Amino acid sequence: MPELPEVETTRAGLAPHLIGRRITAATLRRPDLRWPIPSAITDVLPGQRIADVRRRAKYLLIDAESGSALLHLGMSGVLRVLSPEVVHGRHDHVDLALDSGLVLRFTDPRRFGCLLWQPAGTVHPLLADLGPEPLSDRFDGDYLHRLARRRTGPVKGFLMDQSVVVGVGNIYAAESLFLAGIHPLRPAGAIALARYRRLAEAVRQVLGHAIVRGGTTLRDFLAPDGAPGYFEQELQVYGREGQSCRRCGSGLRAQKLGHRATVWCPCCQR
DNA sequence: CGTATTCCCTGCACGC
DNA sequence: TGCGTGCAGGGAATAC
């Protein structure tokens, strides 16, 4: 389940294969993923050179001359650079052929991902209202504290709101709150500045560490080179319901928040 | 505006 | 062995 570190890992893995290459063809094996794939992908993109591969939030942008292909991996999306001789499977929905002779293949069994088009000089609506990058200078405890003022909902949901800060999904929200010692159900507006400073630092630390580790592998995420990440071995609370806290030994508690599993340590998180 | 809920989709783990 | 059920989850859309 790609969150920001997995997307960043994918970006870094793809970039050397893509930057400077020309796209020679686009093959769609179905017309849509989460949304219809725009005609520009087959009509405009082929023939263009890739200038850069960027990430914004959990989106990947493949910058070509007249615009960018905008990709989201959703829950189960994988991008790989392969020899075109590799036989495609049932969920290999899109191939972008490169002048290197290789293909960029987008696989997504659950089809929560998307492939869209952002014309040069425009910002796609999906990117228009996103919050700051968690690893940028715009994100810190003062910023979180200011934004949380009128929020009465649980801090976990606040932290996962992509208009507040991008890239923090269910796994890293749980881990960051554990590291900061904050109870995930505490109302966002009822947390002091000092604790938000701690939380912002925890988010940076957890995400930064996960990127270094190559992303968390759960179920169906693989990095572009096929090497699984192994951050999951270091998870403190996520997926550990009923087990004991690695720090204090207390039994970890769990509850549904919205539709998301939420796990915390009743002793370490207040 | 903020908050809670629903929905999209498939593969897998589970129980009988 | 096979079937049904529940679950996983990003985030847009919807309803208050």
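Just so you know, these numbers come straight off a predicted model, no measurement behind them. Letters A, B, ... are given to chains in the order of the sequence lines, protein chains preceding strands, and every chain is numbered from 1.
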Inset, instruction - Report the nucleotide, chosen from C/dA8, C/dG11, B/dT10, that has the shortest atom-to-atom distance to any side-chain atom of A/R34. - result: C/dG11
Legend entry - Crowding at CZ, A/R247 (>12 non-hydrogen neighbours, <6.0 Å): no
Legend entry - Whole-Å distance separating the CD atom of A/E6 from the C1' atom of C/dG10: 13 Å
Inset, instruction - Send over the distance from A/K156 NZ to B/dT3 C1', rounded to a whole Å. - result: 15 Å
Legend entry - Presence of A/K256 side-chain N/O under 4.0 Å of C/dA8 phosphate oxygens OP1/OP2: yes
Inset, instruction - Scan A/Y59 against the nucleic acid and name what it touches under 4.0 Å (heavy atoms): base, sugar-phosphate only, or nothing. - result: sugar-phosphate
Inset, instruction - Side chain of A/P109 only, please: which of B/dT10, C/dA12, C/dA8 is the nearest? - result: B/dT10
Inset, instruction - Establish, from distance only, whether the side-chain atoms of A/S68 and A/D63 form a donor-acceptor pair under 3.5 Å. - result: yes
Inset, instruction - Specify the separation, in whole Å, of atom CZ of A/R111 and atom C1' of B/dG11. - result: 13 Å
Inset, instruction - Give the C-alpha distance, both sets of side-chain angles, the deciding distance and a yes or no for side-chain contact (heavy atoms from CB on, under 4.5 Å) between A/Q162 and A/K58. - result: CA-CA 10 Å; A/Q162 302 297 297; A/K58 297 173 186 171; 4.3 Å; yes
Legend entry - Pairwise 5' ranking along DNA chain B for A/R151 and A/R260, keeping only the more 5' one: A/R151
Legend entry - From B/dT6, C/dA8, B/dG11, nucleotide with atom closest to A/H259 side chain: B/dT6
Inset, instruction - Kindly say if A/T152 contacts the phosphate of B/dG2, meaning a side-chain N or O under 4.0 Å from OP1 or OP2. - result: no
Inset, instruction - Would you indicate which nucleotide in C/dG10, C/dG11, B/dT10 comes nearest to any side-chain atom of A/R110? - result: B/dT10
Inset, instruction - Round to the nearest Å and state the distance from A/L73 atom CG to C/dG11 atom P. - result: 10 Å
Inset, instruction - Establish, with yes or no, whether the OP1 or OP2 oxygen of B/dG11 is under 4.0 angstrom from a side-chain nitrogen or oxygen of A/R90. - result: yes
Legend entry - Rounded interatomic separation in angstrom, taking CE from A/M160 and P from B/dT5: 15 Å
Legend entry - Atom-to-atom span, CG of A/L126 to C1' of C/dG11 - whole angstrom: 9 Å
Legend entry - A/P154 side chain, from C-beta outward: closest of C/dG10, B/dG11, B/dA4: B/dA4
Inset, instruction - Using whole Å, report how far CG of A/L185 lies from C1' of B/dA4. - result: 14 Å
Inset, instruction - May I ask you to check whether A/K256 and A/T262 show a side-chain donor-acceptor distance below 3.5 Å? - result: no
Inset, instruction - Using heavy atoms to find the nearest nucleotide of DNA chain B for A/G258 and A/R150 separately, return the residue whose nucleotide is more 5′. - result: A/R150
Inset, instruction - Decide, yes or no, whether a salt bridge links A/E133 with A/R55 under the criterion of side-chain N to carboxylate O below 4.0 Å. - result: yes
Legend entry - Nearest-angstrom distance from the residue atom CE of A/M75 to P of B/dT10: 14 Å
